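All values reported here derive from a predicted model rather than from experimental measurement. By convention in this document, chain letters (A, B, ...) are assigned in the order of the sequence lines, proteins followed by strands, and residues within each chain are numbered from 1.
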Number of protein chains: 2
Amino acid sequence: MTTKTLHPAGANPGRSRSHNRQMVLGHVRRAGQIGRAEIARASGLSTQAVSNIIADLAGDGLLLEGERVSSGRGLPAVQYSLNPAGGYALGVEIRPDVLLVALLDLNGDTVFSRRTPLVDTRPEEVTAQILTLRKAALTHAGGDPARLMGAGIVMPGPFGTASAAQKGLELPEWSDIDANLWFTTALDLPVFVENDANAAAMAERNGGAGEGVSHYAYLYFGAGLGLGIVTNGQLMQGAFGNAGEIGHITVPSGNGAVVLEQAVSRLSLQAHLAENGIAAATSDALAQLYDASDPHLMGWLNQAAEPLTHAITTIENLCDPQTIILGGAMPDQILDHLIVACALSDRSVSNRDERELPRLMRGRSGRMSATQGAAALVLNHSFTPRLTPH
Amino acid sequence: MTTKTLHPAGANPGRSRSHNRQMVLGHVRRAGQIGRAEIARASGLSTQAVSNIIADLAGDGLLLEGERVSSGRGLPAVQYSLNPAGGYALGVEIRPDVLLVALLDLNGDTVFSRRTPLVDTRPEEVTAQILTLRKAALTHAGGDPARLMGAGIVMPGPFGTASAAQKGLELPEWSDIDANLWFTTALDLPVFVENDANAAAMAERNGGAGEGVSHYAYLYFGAGLGLGIVTNGQLMQGAFGNAGEIGHITVPSGNGAVVLEQAVSRLSLQAHLAENGIAAATSDALAQLYDASDPHLMGWLNQAAEPLTHAITTIENLCDPQTIILGGAMPDQILDHLIVACALSDRSVSNRDERELPRLMRGRSGRMSATQGAAALVLNHSFTPRLTPH
DNA sequence: TCGTTAACTCAAGTTAGTTGAATTATCAAG
DNA sequence: CTTGATAATTCAACTAACTTGAGTTAACGA
């Protein structure tokens, strides 16, 4: 996650081809099914060039040729679609106590997922476990190991050289390690390291609320509260990879200022319930409490709404997204409740007449969303042409 | 400022060349002086390719060939630098009562600047005045009109279809106009429309505090308070071009919540002074008050520090910048005072051990910073290769 | 049924990059 | 003060990848 200032690479025939291959894949993914001429029009290339590139991709097993489909006059266009088995992306989420792994195919469908306890969080041990799970995932899915395109890794931030006070809060053994370099070497794959909120935000691009949305923010309920900001279809990472630490901001509230994640987070909810003698470790337990209209849960929801509304307004004003998605380790009911409970201010720039999406939406919830998002980072990269800074 | 989802363009020989030309110009600009082999190494192109491109650019009058400069063994490299007269960028700032124009040369130096009153803000009138000023600017600077590369336009936001309540607050005649399209047609140039804060943020990239910084935020004191967020060297614009409306957020303060720009902005300062019978319309007047330690000004500074600190912390946590720059329509003294007065929290992710830049810096102040930034948008575009979405 | 339309292919042709050998100028070592 | 190593640069040949223009095929609609 060390972000050095990357200067752009020059374009030469090889890099142009690679760029164009990724671009074509991106068009196929967005469209689901598409013909060559349409890609040519969308990309500004000649149909001949697109034909050549598609022949390449089909030859490499990344595209499947479908039927001709007619649309009006003229020769019906041969449709191409992604070959799900053409590539796989590994998603790994490392938490202090548990290791989560998911394998997605080229379509973004989850073909394997596993949650295993983590007793030893030292890098060597974690890596060994990941290598084992990688093999299991590919075997289980029947995927060719050579078609594994990369791995996304979710780890608790903050990244980089944190201040002494913060260092090693969650995974002390990793605090001095360049995780990106470590995993690139250990897995021998392209690697993308992100925090949970950013990864979960990318998960929404695979058939989720963020599909086809170029600008959105994803408010992620993990242990604390995180934010993934997507601008022009790309994650905003910040200079040190720590953008989106929204849980740490202070917002006004009825009784003065509160730190957001002390009022709005799963931990804060569980602490509030514990104070009232209720243990609710799992999302199911929380869902049941909600369905039973538990007064303590409702009390927490009431006191959480105001700080959350302030946070939403802040995000809208700073980032001007098309929508803000709520997701993560909270039951759907509670997320939906929070969405309704936010009395959104008219003062925001987001309060505009014509909007295509609601200001708040519910995204994927559940424990695996960040893990799937980790894998989605790989897919997103493969479908996004960029004359790569090298 | 309508941001439609742009899909990337394919690469072909012509676009590759254009990309590479921009890339080379960018390297020359960053380095000031540089040899061909160094550009080749930095870009991953062959020296031969760079030689050809540089011959092109020099032939077009964009580069100047300098002396050979030796650095260690081997044939000393011929140095190239930008030809200031090789291109010009026009910056225009439209305010309800005044029109500001600046002309920058390829080096980013201001070769002309003018402030004229604006009595009629109807689009036709404003445009006519701009056309006149463009001619005057080029004549004055001795610049070839054909070398005008584009125009940056600063207008009050919010852009897009704002809600009825907000519509037309500042320039009602423009509320239904697509300013980008309008000026592209009227000026027959590439046009970049931004709000004042974003433009001012880009101005810092020309020999200012933002030069060479890939991630920073720029807090702009205009009428209200705006924020320009630069990520990976590019402005974050948001879905509708309204990102950075930080003045509208509410932050905690001693006596409850305040809307940020009601506590921290030039207007708020002037209102506070007016309540105490002091008129201070100009920056000079404010500077004098500050130098005289005027108690009312000091009182305002005291009450502004806390909300500002909250805002800074929010920006740090959401955007994770290398630094935050304060600038705009405030005297240097007052900006410096505010920088010192912000008691920055240790809770921010920005509180890290190793940082190269201070968390807060003072940028350019004064009336023309947004106007110069408008022109800088053009330069930045010319130096940033991007297989342009078309 | 026949002309129009549009996707697609084939076979040059073009652009812009790469490669490798030759040239030149500086530094450093003997 | 030569001499060899080093590095920038050019020249000429080569190559990759896109474009162009002339067919070919298949669907629609008058």
Side-chain angles (χ1 to χ4, degrees), chain A residues 8-24 27-28 31 33-60 63 65-81 385 387-388 390, chain B residues 8-24 27-28 31 33-60 63 65-81 385 387-388 390:
Chain A
N12 58 18
R15 294 205 272 254
S16 289
R17 175 64 118 181
S18 149
H19 172 99
N20 287 344
R21 282 173 60 114
Q22 289 184 269
M23 178 213 68
V24 166
H27 279 287
V28 175
Q33 278 220 321
I34 193 169
R36 287 171 274 203
E38 193 178 340
I39 296 175
R41 278 190 300 268
S43 64
L45 294 184
S46 62
T47 56
Q48 185 57 57
V50 174
S51 271
N52 295 340
I53 292 161
I54 283 206
D56 246 40
L57 291 169
D60 290 351
L63 291 183
E65 189 172 317
E67 299 291 292
R68 283 183 186 273
V69 168
S70 132
S71 66
R73 286 189 175 179
L75 214 191
V78 177
Q79 301 297 110
Y80 286 87
S81 57
L387 245 17
T388 49
H390 61 156
Chain B
N12 58 19
R15 293 205 269 253
S16 289
R17 175 64 116 176
S18 149
H19 172 99
N20 288 343
R21 282 173 59 114
Q22 289 184 271
M23 178 214 69
V24 166
H27 279 286
V28 175
Q33 278 220 318
I34 193 169
R36 287 172 274 205
E38 192 178 340
I39 296 175
R41 276 190 301 268
S43 64
L45 294 184
S46 62
T47 57
Q48 185 57 59
V50 173
S51 271
N52 295 339
I53 293 160
I54 284 205
D56 246 41
L57 292 169
D60 290 351
L63 290 183
E65 189 172 316
E67 299 291 291
R68 293 191 113 103
V69 169
S70 128
S71 66
R73 284 190 176 180
L75 213 191
V78 176
Q79 299 298 111
Y80 287 87
S81 56
L387 245 18
T388 49
H390 62 159

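- For B:Leu45, taking side-chain heavy atoms from C-beta onward, the closest of the listed nucleotides C:dT18, D:dT25, C:dT26 is C:dT18.
- Mapping A:Gly74 and A:Gly14 onto DNA chain D by nearest heavy atom places A:Gly14 closer to the 5' end of the strand.
- At distances below 3.5 Å, not a single donor-acceptor pair connects side-chain atoms of B:Asn20 with backbone N or O atoms of A:Gly10.
- For B:Arg73 and D:dG4, the shortest distance from a side-chain N or O to OP1 or OP2 is not below 4.0 Å.
- Between A:Asn20 and D:dA17 there is no side-chain N or O to OP1 or OP2 distance below 4.0 Å.
- Look at A:Ser70 and you won't find any side-chain N or O under 4.0 angstrom from OP1 or OP2 of D:dA26.
- Proximity note for A:Ala49 (side chain, C-beta onward) versus D:dC18, D:dT9, C:dA6: the nearest is D:dC18.
- Remark: the backbone N or O of B:Asp56 is not paired with any side-chain donor or acceptor of B:Arg21 at under 3.5 angstrom.
- Mapping A:Ala77 and A:Pro13 onto DNA chain C by nearest heavy atom places A:Ala77 closer to the 5' end of the strand.
- Between A:Ile39 and A:Leu45 the shortest side-chain heavy-atom distance does not fall below 4.5 Å.
- For the residue pair A:Tyr80/A:Gln33, the side-chain donor-acceptor check at 3.5 Å is not satisfied.
- Of the candidates D:dT9, C:dA7, D:dT20, the closest approach to any side-chain atom of A:Ser46 belongs to D:dT20.
- Contact between the side-chain N/O atoms of B:Arg41 and the OP1/OP2 oxygens of D:dA8 is found at a separation under 4.0 Å.
- Counting to the nearest Å, the P atom of C:dT23 and the CG atom of B:Leu75 are 14 Å from each other.
- Nucleotide C:dA7 holds its C1' atom 11 Å from the OH atom of A:Tyr80, rounded to whole Å.
- Atom-to-atom, CZ of A:Arg68 to C1' of D:dC28 comes out at 15 Å; the value is rounded to the nearest Å.
- Between the side chain of A:Arg68 and the backbone N or O of A:Pro76 there is at least one donor-acceptor pair closer than 3.5 Å.
- Counting to the nearest Å, the C1' atom of D:dA8 and the CD atom of B:Glu67 are 16 Å from each other.
- The separation between A:Arg15 atom CZ and D:dA17 atom P is 13 Å, rounded to whole Å.
- Here the nucleotide nearest the side chain of B:Arg36, chosen from D:dT10, C:dA16, D:dA27, is D:dT10.
- Of the candidate nucleotides D:dT10, D:dT9, C:dG17, D:dT10 has the atom nearest to the side chain of B:Ser51.
- Rounded to whole angstrom, the span from the CD1 atom of B:Ile54 across to the P atom of C:dA16 amounts to 16 Å.
- Spacing between atom CD1 of A:Ile34 and atom C1' of C:dA7 amounts to 14 Å, rounded to whole angstrom units.
- No hydrogens or angles were tested; on distance alone, nothing pairs the side chain of A:Gln48 with the base of C:dC8 as donor and acceptor under 3.5 Å.
- The phosphate of C:dG17 (OP1 or OP2) has a side-chain N or O of B:Arg17 nearer than 4.0 angstrom.
- Residue A:Asn52 contributes atom CG, which lies 13 Å from atom P of C:dC8 at whole-angstrom precision.
- Ranking D:dC28, D:dT10, D:dC18 by closeness to the B:Thr47 side chain, first place goes to D:dT10.
- Under the 3.5 Å distance criterion, the side-chain polar atoms of B:His19 are matched with a main-chain donor or acceptor of A:Ala9.
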